[in-house]
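Just so you know, residue 1 is the first one in the sequence shown, and it goes up from there.
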Amino acid sequence: MHHLNLAGCPWFVHGEDFDFPTGIMIPIEVKVRFLIKLMEAKRSQLFSYRMLFSWFENSNSEYKLQFPNISRPKFDVEMNFQHFLDDLLSNGIMQIEHEHYQIKKLPYWYNDLNQKLHFLPA
């Protein structure tokens, strides 16, 4: 639908798994859904933390799990989002502008797995 190969998703998406379980989707699925939403936005647009968090939360909302021992599921989702937002900032995808976030560059999506493996990070 977006003409992107899932196997070609950016390397940083494969980083750390989420610290907190929040749904049945694996972390890479949630991250890819969020990145696609981000790639559809205007690069010049400024985003509030709340807006970005709601996108991230919606990326997993259809597949939430209810855990009886987790009393603050929204808090867990937010902790996972903060870790991913740190990845976006440290990889130069996002930048902070006057307490808002802006897309600095779009993440590079490889054409296929072979091309991606050629650029395997050390």
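How far CD of Glu29 is from SG of Cys9: 11.0 Å, rounded to the nearest 0.5 Å. Rounded to the nearest 0.5 Å, atoms CG (Leu88) and NZ (Lys104) are 12.5 Å apart. Here the OH-CE distance, from Tyr101 to Met51, works out to 13.5 Å after rounding to the nearest 0.5 Å. Taking CG of Asn80 as the reference point, atom CG of Leu85 lies at 12.5 Å (rounded to 0.5 Å). Rounding to the nearest 0.5 angstrom, the gap separating the CD atom in Gln102 from the NZ atom in Lys42 is 13.0 Å.
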Inset, instruction - Any chance you could lay out the side-chain contact (heavy atoms from CB on, under 4.5 Å) test for Met39 and Leu4, step after step, and finish with the verdict? - result: CA-CA 11 Å; Met39 292 168 65; Leu4 299 170; 4.2 Å; yes
Inset, instruction - Start with the C-alpha gap between Asn58 and Phe34, add the side-chain angles, then the distance that decides, and say whether side-chain contact (heavy atoms from CB on, under 4.5 Å) holds. - result: CA-CA 9 Å; Asn58 290 337; Phe34 178 83; over 6 Å; no
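Both Leu35 and Leu106 are part of a single hydrophobic cluster, where members link through side-chain heavy atoms under 4.5 Å apart.
Closest approach of Met94 to Leu89, counting heavy atoms only: O-CD2, 3.4 Å.
Side-chain contact check for Tyr108 versus Phe119: every heavy-atom pair is 4.5 Å or farther apart. Between Leu38 and Ile93 there is a side-chain heavy-atom pair separated by less than 4.5 Å. Within the 4.5 Å cutoff, side-chain heavy atoms of Pro107 are placed close to those of Phe12. The shortest distance between side-chain heavy atoms of Phe56 and Val77 falls below 4.5 Å. Considering only heavy atoms from C-beta on, His14 comes within 4.5 Å of Ile28 through its side chain. For the pair Ile36/Glu40, a side-chain contact is recorded, criterion being any heavy-atom separation below 4.5 Å from C-beta on. Within the 4.5 Å cutoff, the side chain of Tyr110 has no heavy atoms near those of the His118 side chain.
Atom NZ of Lys116 has more than 12 neighbouring heavy atoms from other residues, nucleotides or ligands inside a 6.0 Å radius.
At distances below 3.5 Å, not a single donor-acceptor pair connects side-chain atoms of Lys105 with backbone N or O atoms of Gly92.
For Ala41, the side chain to side chain contact (heavy atoms under 4.5 Å, CB included) partners at least two apart in sequence or on another chain are Gln45, Phe47, Trp55, Ile103. With sequence neighbours left out, Phe53 forms a ring-ring contact (aromatic ring centres under 6.0 Å, His included) with Phe81. Under the side chain to side chain contact (heavy atoms under 4.5 Å, CB included) criterion, Asn5 pairs with Ala7, Asp112, sequence neighbours left out. With sequence neighbours left out, Leu6 forms a side chain to side chain contact (heavy atoms under 4.5 Å, CB included) with Val32. Qualifying side chain to side chain contact (heavy atoms under 4.5 Å, CB included) partners for Gln82, counting only residues two or more places apart in sequence or in other chains: Tyr49, Glu78, Met79.
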